[in-house]
Amino acid sequence: MMIEEKSLNFLEEIIEEDLKSGKYTSIHTRFPPEPNGYLHIGHAKSICLNFGLADKYGGKTNLRFDDTNPVTEETEYVDSIKADLHWLGFDWEEERYASDYFSQLYDFAVRLIKKGLAYVDDSSADEIAANKGTPTEAGTESPCRNRSVEENLSLFAEMRAGKFQDGEKVLRAKIDLTSPNMHMRDPIMYRIRHAHHHRTGDEWCIYPMYDFAHGQSDSIETITHSICTLEFEVHRPLYNWYIEQLDIFPSHQYEFARLNMTYTVMSKRKLLQLVNENFVDGWDDPRMPTLSGMRRRGYRPVAIRNFCDRIGVQRRENIIDVGLLEFCVREDLNQIALRRMAVLDPIKLVVTNYPEDKIEIVAGENNPEAPGQGGFREIPFSRELWIEAEDYMEVAAKKWFRLAPGNKVRLKNAYIVECTGSKKDASGKVTEVHCTYIEGTRSGQDNSGLSVKGTIHWISVAHAIPAEVRLYDRLFQVENPSIEEGDFKEYINPDSLQILHNAWVEPSLQTALPEDHYQFIRKGYFSLDAYKSADGKLVFNRTVTLKDAWAKEAKKK
RNA sequence: UGCCCGAUAGUAUAAUGGUAGUACAUCAGAUUUUGGUUCUGACUGUCUAGGUUCGAAUCCUGGUCGGGCAACCA
């Protein structure tokens with residue numbers, strides 16, 4: 001037998017080389033979210049990478065909150081991030097915070113000042129920006145650049161002591177104002193922020209910048225492979241510079257291309273706008289690409305992890321077809337979802353030759369993908385049934401296998417019926433469909449020899465349970481809202497949420513729970529919403545549709 | 001007009017100097033008490049021009065195109 005060798009991605013190659021050469025005996029990664037928003041599917045890619053790599057090579061992964069900007073960060077986000085991580089199925093080695101290292105980072109800064117590699121600058125933000133030059137022109141030195149070590153030391157101590165207002169002074173690294181890399185032009189290390197921090201409270205009024213915190217935090221945790229997205233590539237020389245000048249554990253930064261997906265946006269800034277401006281109903285709105293949104297919509301973690309596995313990892317910009325995610329979700333749910341019948345847009349079907357007071361209990365297989373294991377549930381059948389309005393046509397189209405006068409169809413798990421016509425109101429609208437059932441065709445006991453092309457789902461009117469059903473479509477009308485002209489919000493799909501108030505579901509759904517996953521036969525995968533509806537009805541969210549060959553056929557015209 | 005990075009079917013992703021393969025999507029067919037699932041088949045690709053080599057998607061050079069970099073954000 002041939003053994004398929006799975007090829008390595010570029011990070012796995014680096015790690016295998018590092019392990020083989022003896023550079024490291026084990027690896028240590030970290031997932032470093034900033035607690036200023038909820039995790040989305042793009043983070044899932046990073047999470048699966050960091051935890052997956054450590055898992056594959058027997059290493060460890062820390063969770064580290066990058067909380068160096070007290071103005072935007074909140075405990076609510078910390079909690080949601082931890083919950084989402086656990087939901088996805090990952091456990092971290094240690095829970096750390098960049099803020100754990102504030103005093104160590106302060107000491108690092110003092111060390112650089114003493115080496116003559118950092119100085120306190122009195123320039124305003126505007127002045128610093130102006131003096132930074134442009135990519136094609138060198139920057140110019142601040143008058144403060146050549147302060148003495150002693151003066152810098154005492155000014156920095158005074159910054160920390162709260163002697164200055166926000167923006168009055170900053171601490172900058174003294175590197176090279178002529179560097180072609182803008183990040184090396186005396187980057188800011190510390191700024192003054194008299195702000196309350198979600199963990200350190202009011203202990204500090206100076207906070208380190210990302211560049212002065214991230215690499216050192218990696219180093220403190222002896223992270224061997226610090227994986228981040230491509231936009232940090234130009235930060236790498238600075239990352240290395242701090243580590244070298246401080247002579248601390250040499251963590252290494254590697255960059256990969258972030259995930260983009262069609263018909264959505266993936267920046268926390270944009271997602272926050274959608275939330276704040278009420279285009280969606282919170283971070284966990286089922287239309288959001290957030291993990292909490294996907295959870296509420298009915299995606300299972302395993303589907304998301306399979307997806308992350310399939311998309312791979314590279315250094316080139318990409319935009320993944322959201323269809324691939326949906327494929328992964330269907331692939332998973334098809335295996336485990338319990339089959340149920342639900343009529344979303346009902347019309348009455350009367351079986352005119354069936355006795356008025358008769359009720360039969362038929363059996364419905366819970367899951368044909370698990371033959372013999374899923375078991376059956378009981379479904380009441382009677383003379384009046386709800387069926388899907390779209391399953392009836394007055395005049396049958398070409399290749400129409402459903403109800404139309406003269407057509408025969410199978411009522412799933414029950415009888416074959418022949419359509420005999422319909423009842424209409426004064427305006428000509430169909431109010432009732434009529435049919436006769438054929439004796440001897442009951443499922444499991446069919447000795448008629450008849451075969452029909454179509455099978456439709458139904459619910460006994462007398463036994464139906466009312467429900468609200470929410471259908472979700474893509475949030476945006478264009479593949480890549482971020483590259484379109486104007487505000488991305490102009491491209492929001494106005495029909496991304498459709499609420500059906502008059503749906504009926506079968507009795508066994510009365511006891512549904514939000515963590516259950518159902519396939520409403522012929523309609524898609526659904527799960528109970530995490531929140532109750534205003535009128536006490538069951539609320540079902542459509543997780544994803546089924547593939548629909550008829551919709552394609554119909555579209556051909 | 002500076003620096004850094006990238007370019008393989010529609011979208012992703014392999015091939016690590018030696019037959020361009022896989023998945024999703026698309027199309028066609030088979031099976032089916034879900035127009036689902038499953039199965040079979042088809043379609044479509046190495047940005048460009050040179051060079052090195054017996055041989056280049058792969059190495060070198062030029063070009064083109066795309067992305068990133070001038071926050072007291074991360």
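This is a predicted model, so every value here is computed, not measured. Just so it is clear: chains get the letters A, B, ... in the order the sequence lines come, proteins before strands, and each one is counted from 1.
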Side chain of [X], heavy atoms from C-beta onward: which of [options] has the nearest atom to it?
{"X": "Asn318(A)", "options": "rA71(B), rU13(B), rG35(B)", "result": "rU13(B)"}
{"X": "Glu73(A)", "options": "rC69(B), rG35(B), rA74(B)", "result": "rA74(B)"}
{"X": "Val234(A)", "options": "rG68(B), rG36(B), rG35(B)", "result": "rG68(B)"}
{"X": "His235(A)", "options": "rU37(B), rA74(B), rG35(B)", "result": "rA74(B)"}
{"X": "Trp550(A)", "options": "rA74(B), rG35(B), rU34(B)", "result": "rG35(B)"}
{"X": "Ala129(A)", "options": "rG6(B), rA71(B), rG2(B)", "result": "rA71(B)"}
{"X": "Gln519(A)", "options": "rG2(B), rG35(B), rU34(B)", "result": "rU34(B)"}
{"X": "Ala549(A)", "options": "rG36(B), rA14(B), rU34(B)", "result": "rG36(B)"}
{"X": "Glu369(A)", "options": "rU37(B), rC72(B), rG35(B)", "result": "rU37(B)"}

Mind checking the [atom1] distance from [N] to [M]? Whole angstroms is fine.
{"N": "rU40(B)", "M": "rU46(B)", "atom1": "P", "value": "28 Å"}
{"N": "rU48(B)", "M": "rG35(B)", "atom1": "C1'", "value": "46 Å"}
{"N": "rG21(B)", "M": "rC60(B)", "atom1": "C1'", "value": "27 Å"}
{"N": "rA23(B)", "M": "rC39(B)", "atom1": "P", "value": "11 Å"}
{"N": "rC4(B)", "M": "rA20(B)", "atom1": "C1'", "value": "30 Å"}
{"N": "rG29(B)", "M": "rG66(B)", "atom1": "P", "value": "41 Å"}
{"N": "rA30(B)", "M": "rA15(B)", "atom1": "P", "value": "38 Å"}
{"N": "rU31(B)", "M": "rG67(B)", "atom1": "C1'", "value": "47 Å"}

Once each nucleotide of nucleotides 26-31 of chain B is scored for protein heavy atoms under 4.0 Å, what B/S/- sequence comes out, 5' to 3'?
SSS---
Which of residues 181-196 of chain A have a heavy atom under 4.0 Å from RNA chain B?
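Correct list: Met182(A), His183(A), Ile188(A), Arg191(A), Arg193(A).
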Is [Y] paired with [X] through a side-chain N to carboxylate O contact shorter than 4.0 Å?
{"X": "Asp67(A)", "Y": "Arg199(A)", "answer": "no"}
{"X": "Glu365(A)", "Y": "Arg377(A)", "answer": "no"}
{"X": "Lys398(A)", "Y": "Glu553(A)", "answer": "no"}
{"X": "Lys20(A)", "Y": "Glu16(A)", "answer": "no"}

Does [X] contact [N] through a side-chain donor or acceptor facing the base, at a distance under 3.5 Å?
{"X": "Arg410(A)", "N": "rU33(B)", "value": "yes"}
{"X": "Thr455(A)", "N": "rU34(B)", "value": "no"}
{"X": "Glu233(A)", "N": "rG6(B)", "value": "no"}
{"X": "Arg330(A)", "N": "rU37(B)", "value": "no"}
{"X": "Arg402(A)", "N": "rG35(B)", "value": "yes"}

Mind calculating the distance between [atom1] ([X]) and [atom2] ([N]) to the nearest angstrom?
{"X": "Ile206(A)", "N": "rC72(B)", "atom1": "CD1", "atom2": "P", "value": "17 Å"}
{"X": "Glu231(A)", "N": "rC73(B)", "atom1": "CD", "atom2": "P", "value": "17 Å"}
{"X": "Ile320(A)", "N": "rG10(B)", "atom1": "CD1", "atom2": "C1'", "value": "13 Å"}
{"X": "Asp309(A)", "N": "rA14(B)", "atom1": "CG", "atom2": "P", "value": "12 Å"}
{"X": "Glu74(A)", "N": "rC73(B)", "atom1": "CD", "atom2": "P", "value": "17 Å"}
{"X": "Gln216(A)", "N": "rA74(B)", "atom1": "CD", "atom2": "C1'", "value": "15 Å"}
{"X": "Asn366(A)", "N": "rU34(B)", "atom1": "CG", "atom2": "P", "value": "16 Å"}
{"X": "Arg316(A)", "N": "rA14(B)", "atom1": "CZ", "atom2": "C1'", "value": "10 Å"}

Reckon [X] touches a base, only the sugar-phosphate, or nothing at all at heavy-atom distances under 4.0 Å?
{"X": "Asn413(A)", "result": "base"}
{"X": "Ile521(A)", "result": "base"}
{"X": "Thr262(A)", "result": "nothing"}
{"X": "Arg236(A)", "result": "nothing"}
{"X": "Lys268(A)", "result": "nothing"}

Toward the 5' end of RNA chain B, which comes first, Gly323(A) or Asp211(A), by nearest nucleotide?
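Nearest nucleotide further toward 5': that of Gly323(A).
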Closest-nucleotide mapping onto RNA chain B: is Ile319(A) or Phe520(A) further toward the 5' terminus? I mean the 5' end.
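This one resolves to Ile319(A).
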Do the two ring centres, one from Phe520(A) and one from His457(A), sit under 6.0 Å apart?
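Aromatic pair excluded; centres sit 6.0 Å or further apart.
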Checking side-chain polar atoms at under 3.5 Å, does [X] have a donor or acceptor matched by the opposite partner on [Y]?
{"X": "Asn62(A)", "Y": "Glu221(A)", "value": "yes"}
{"X": "Thr441(A)", "Y": "Asp446(A)", "value": "no"}
{"X": "Ser124(A)", "Y": "Asp126(A)", "value": "no"}

When rounded to the nearest 0.5 angstrom, what distance separates OG in Ser46(A) from NE2 in His40(A)?
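Answer rounded to 0.5 Å: 10.0 Å.
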Sequence-distant partners of Gln477(A), side chain to side chain donor-acceptor pair (under 3.5 Å), two or more places apart:
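Gln477(A): no side chain to side chain donor-acceptor pair (under 3.5 Å) contacts found.
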Treating Glu12(A) as the side-chain partner and Asn9(A) as the backbone partner, does any N or O pair qualify as donor plus acceptor under 3.5 Å?
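Here the side-chain-to-backbone pair exists.
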Using the salt bridge (charged side-chain N to carboxylate O under 4.0 Å, His left out) criterion, which residues pair with Glu74(A)? Sequence neighbours excluded.
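Partners of Glu74(A) under the salt bridge (charged side-chain N to carboxylate O under 4.0 Å, His left out) test: none.
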Is the charged tip of Lys270(A) near the ring of Phe488(A): under 6.0 Å from the six-membered ring centre and within 45° of its axis?
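Lys270(A) over Phe488(A) ring: yes.
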Distance under 6.0 Å and angle within 45° of the ring axis: does Arg160(A) meet both against Tyr106(A)?
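Checked: cation-pi criterion met.
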Would you say a side-chain N or O of Ser7(A) is under 4.0 Å from OP1 or OP2 of rU13(B)?
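It does not, given that no N or O in the side chain of Ser7(A) lies less than 4.0 Å from OP1 or OP2 of rU13(B).
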Gln314(A) side chain N/O closer than 4.0 Å to the phosphate oxygens (OP1, OP2) of rU8(B)?
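Answer is no, no contact under 4.0 Å.
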Under the rule of Watson-Crick or G-U wobble with both distances under 3.5 Å, where | means paired to another strand and [ ] a crossing pair, RNA chain B maps to .((((((..((((....[..)))).(((((.......)))))....(((((..]....))))))))))).....
List in chain and number order the residues that pass ring pair (Phe, Tyr, Trp, His ring centres under 6.0 Å) with Phe108(A), two or more places apart in sequence or in another chain; answer none if no residue qualifies.
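Listed in chain order: nothing, the list is empty.
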Assess whether atom NZ of Lys56(A) is packed by more than 12 heavy atoms of other residues, nucleotides or ligands within 6.0 Å.
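More than 12 within 6.0 Å, yes.
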